[in-house]
Visitor: 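Questions regarding the structure given below will be posed in turn.
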Amino acid sequence: GDTVLASMRAYKEDRHGNERWANRAVFSMATELFRFRKMPGLAVTTSHFIVCEDGRYRIHSVEDVKGRGMYIEVLAEKEEPTVR
């Protein structure tokens, strides 16, 4: 099962064909962008997942927005359930 590290509000943006997403072509697998406040003592890494009301997302990239230590920007890919 999952262990909840934090529960918070976040900005979520779906992948678009706009210029911002074109500049992120290296992360072609990413389908969503999440932006949220940095929590003291919590290091978000690519080994974590984001779970929200519409699914579960595997983190591909974590970046400190503008290097100020206030906000984290995450590029993630939605995990689709597999049928066995």
Side-chain angles (χ1 to χ4, degrees):
D2 293 331
T3 301
V4 177
L5 300 177
S7 180
M8 66 184 77
R9 293 171 54 112
Y11 167 79
K12 179 180 166 232
E13 179 180 303
D14 296 331
R15 184 177 190 132
H16 299 293
N18 63 17
E19 183 178 334
R20 182 189 297 185
W21 278 98
N23 291 337
R24 294 183 173 114
V26 70
F27 299 106
S28 60
M29 294 172 50
T31 58
E32 311 291 327
L33 176 140
F34 291 90
R35 192 173 298 129
F36 48 87
R37 288 191 68 88
K38 183 174 182 175
M39 293 186 72
L42 178 64
V44 179
T45 68
T46 56
S47 64
H48 293 129
F49 291 85
I50 293 177
V51 179
C52 59
E53 62 190 24
D54 65 340
R56 178 182 169 99
Y57 297 87
R58 175 181 301 280
I59 297 175
H60 287 288
S61 167
V62 179
E63 184 179 340
D64 181 359
V65 177
K66 296 185 181 179
R68 295 183 180 167
M70 293 178 61
Y71 291 93
I72 301 292
E73 188 173 88
V74 169
L75 291 174
E77 174 186 13
K78 186 169 187 173
E79 286 203 326
E80 299 297 333
T82 57
V83 178
R84 290 185 173 190

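This is a predicted model, so every value here is computed, not measured.
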Visitor: Kindly write out the residues that satisfy side-chain contact (heavy atoms from CB on, under 4.5 Å) with V62, not counting sequence neighbours, or none if the list is empty.
Guide: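 side-chain contact (heavy atoms from CB on, under 4.5 Å) check on V62 returns V44, I59, I72, V74.
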Visitor: Scan residues 1-10 for pairs that pass side-chain hydrogen bond (donor to acceptor under 3.5 Å, both in side chains), counting only residues two or more places apart or in two chains.
Guide: D2-R56
Visitor: Among residues two or more places apart or on two chains, list those pairs meeting salt bridge (charged side-chain N to carboxylate O under 4.0 Å, His left out) that have a residue in residues 61-70.
Guide: none
Visitor: Any side-chain heavy atom of M8 sitting closer than 4.5 Å to one from R37?
Guide: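 A side-chain contact is absent here, since even the closest heavy-atom pair is not under 4.5 Å.
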Visitor: Under the criterion side chain to side chain donor-acceptor pair (under 3.5 Å), I'd like the reasoning laid out for Y71 against R35: C-alpha separation, chi angles, the key distance, then a yes or no.
Guide: CA-CA 7 Å; Y71 291 93; R35 192 173 298 129; over 6 Å; no
Visitor: What pairs with A43 under side-chain contact (heavy atoms from CB on, under 4.5 Å), at least two apart in sequence or on another chain?
Guide: none
Visitor: With sequence neighbours left out, what residues match K12 under salt bridge (charged side-chain N to carboxylate O under 4.0 Å, His left out)?
Guide: D14, E32, D54
Visitor: Which atom names give the shortest non-hydrogen contact between M39 and A6, and what distance separates them?
Guide: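 Taking M39 first and A6 second, the nearest heavy atoms are SD-CB, 3.4 Å.
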Visitor: I need the E79 CD to T31 OG1 distance, nearest 0.5 Å.
Guide: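 E79 atom CD to T31 atom OG1 measures 10.5 Å (nearest 0.5 Å).
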Visitor: Strictly by ring-ring contact (aromatic ring centres under 6.0 Å, His included), give each pair with a member in residues 32-55 just once, sequence neighbours left out.
Guide: F34-Y57
